[in-house]
Number of protein chains: 2
Amino acid sequence: MTVAVPGDSLIRPRPSGASLKSEFVAFKVNRIVEAASRLFYERGYSSCTLDNVASQLSVTKPFLYSYFRNKEAILAAICEVGISEALGVLEDVLAHEHDSHRARLAEVVRKVGRIVIDRQEYVVVYQREMKHLSADDYKRILRLRHSFDHQIGEMIREGVASGEFREDIDPFIAVWIGGLISWIPTWYSSSGQRSAEEVIEYLVQAALRLAGAE
Amino acid sequence: MTVAVPGDSLIRPRPSGASLKSEFVAFKVNRIVEAASRLFYERGYSSCTLDNVASQLSVTKPFLYSYFRNKEAILAAICEVGISEALGVLEDVLAHEHDSHRARLAEVVRKVGRIVIDRQEYVVVYQREMKHLSADDYKRILRLRHSFDHQIGEMIREGVASGEFREDIDPFIAVWIGGLISWIPTWYSSSGQRSAEEVIEYLVQAALRLAGAE
DNA sequence: TGTAAAAACTACTAGCAGGTAGATATTTTT
DNA sequence: AAAAATATCTACCTGCTAGTAGTTTTTACA
């Protein structure tokens, strides 16, 4: 799994002028975001202190402040990574030709599902804790989310237009497919011994069934 | 909508020995739980202060402490109301004869879905904030949840045995139906102008399709 | 190896939030 | 109407947590 780093705008400018393009900075920022995502995921953003995050990394609180403006900026970084990785994968799949709309839908669910499981902490924190973002960060992240929803919607509409998906399905189905995907962490964790692959394949079937394209 | 009150065990014993059977006590406890559920729903449990809850009711913090042991007990009350109302409705439906397993599944989704929408704040808080419960309260609430899941599972198994649901559906489908239902608040709120009835009927169709009983 | 710049730390503050002790107001009972 | 019991409030304490100022350590480079 590659390293996940947020956009430059979220980190505090280094005295040296280095940005996330510097391996050094990117590495540390990634470690902070990674540790914070795990803690926020387990205990919730508001009941997690920066001392918790720092001691998880065997550093001190001011260390965090030398990379991030404040606590909320760390949350924003997590949210950004969560949604933009999902969005990246979605656009990646949609950019490729596919045999059919059916195959395309299956691939979207499969690939995005994979990200949602691999980056579970990020995605769940993003879903649960977005309300604690500052107004600016909130708007920025929401825009990414809307783009995600919109593209899923388009994909469904095209499938209906092509005749591969049932004509009478509600356009609202896009929200449902998105819901199925977002809900994966819950399903995955409550599925006992099942592997990620099994859960995802099951989900692909469910999505096709919902679209009436089985 | 009837008044929702938690079990007696959660409230602080009154000096007079009165319990929730007293209209007087039940009324005040209900007002506290109601206000708290709305605030916890909007801002999250951990970032909500007891002063917030108190001022919402135009009372003071010690007023809350005269009815509840501590902040966590209020959360426990919300969770208890949330899950036990859903469980109550489920058992109610299952206790009745139905023409078919198909009709029974539809009715479960319809009735439980209704509760989930009507008691949205309770259900969502229960889902999101359970991790902040004390060990004892957590276990107690979890037992109710398991009972819920188990009964849905049984219903599906019976439907498969009767031949009404597809034989090849995964037993895990029970978790999915539960998931569909729990996810309603998200779907409902992102469905724009749709009425609760429309969303629920749509969901009934989706559940039947997932069970292969359309 | 010496020096300057960058990185990380120690030690602190201010304000807030859960929880309580004791005083006051209200109701009930006799 | 007085007294007893109950309900609610005022005023406080304590511990915690986001955030910071200024010092020390480490690194980079000459």
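Only heavy atoms go into these numbers, but all of them, side chains included; no hydrogens, no water, no symmetry mates. First the proteins, then the strands, lettered A, B, ... as listed; each starts at 1. Because the structure is predicted, anything quoted here is derived from the model rather than measured.
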Can you confirm if the NZ or CZ of [X] lies within 45° of the ring axis of [Y] and under 6.0 Å from the centre of its six-membered ring?
{"X": "B:R14", "Y": "B:F24", "answer": "no"}
{"X": "B:R143", "Y": "B:F148", "answer": "no"}
{"X": "A:K71", "Y": "A:Y45", "answer": "yes"}
{"X": "B:R38", "Y": "B:Y41", "answer": "no"}

Open item on the list: What is the distance, to the nearest angstrom, from the CD1 atom on A:I32 to the C1' atom on C:dA8?
Closed with: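 Answer to the nearest Å: 12 Å.
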
Open item on the list: Check this for me: does any side-chain nitrogen of one of B:E72 and B:R69 sit under 4.0 Å from a carboxylate oxygen of the other?
Closed with: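 Salt bridge present between B:E72 and B:R69.
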
Open item on the list: Check this for me, if you would: do B:R110 and B:E107 make a salt bridge, where the nitrogen-to-carboxylate-oxygen distance has to be below 4.0 angstrom?
Closed with: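 B:E107 and B:R110: salt-bridged.
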
TODO: Taking atom types as modelled, find out whether B:R145 and B:Y126 have a side-chain donor-acceptor pair closer than 3.5 angstrom.
DONE: yes

- [ ] Sugar-phosphate means primed atoms, P, OP1 and OP2; the rest is base. With that split, encode nucleotides 9-30 of chain C 5' to 3' as B, S or - using protein heavy atoms under 4.0 Å.
- [x] BB------SBBB----------

Task: N or O in side chain of A:K28 less than 4.0 angstrom from C:dA8 OP1/OP2 - done: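 Looking at the OP1 and OP2 atoms of C:dA8, one of them is under 4.0 Å from a side-chain N or O of A:K28.
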
Task: Any A:R14 side-chain nitrogen or oxygen under 4.0 Å from OP1 or OP2 of C:dA6 - done: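 A:R14 to C:dA6 OP1/OP2: no side-chain N or O under 4.0 Å.
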
- [ ] Give me the first and last nucleotide of DNA chain D, going 5' to 3', that has any atom under 4.0 Å from a heavy atom of chain B.
- [x] D:dT6 to D:dT10

TODO: Determine the contact category for A:F68: base if any of its heavy atoms lies under 4.0 Å from a base atom, sugar-phosphate if only primed atoms, P, OP1 or OP2 are that close, otherwise nothing.
DONE: nothing

TODO: Please state whether the rings of B:F165 and B:H101 are parallel, tilted or perpendicular, taking 30° and 60° as the class boundaries.
DONE: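 B:F165 and B:H101: perpendicular rings.
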
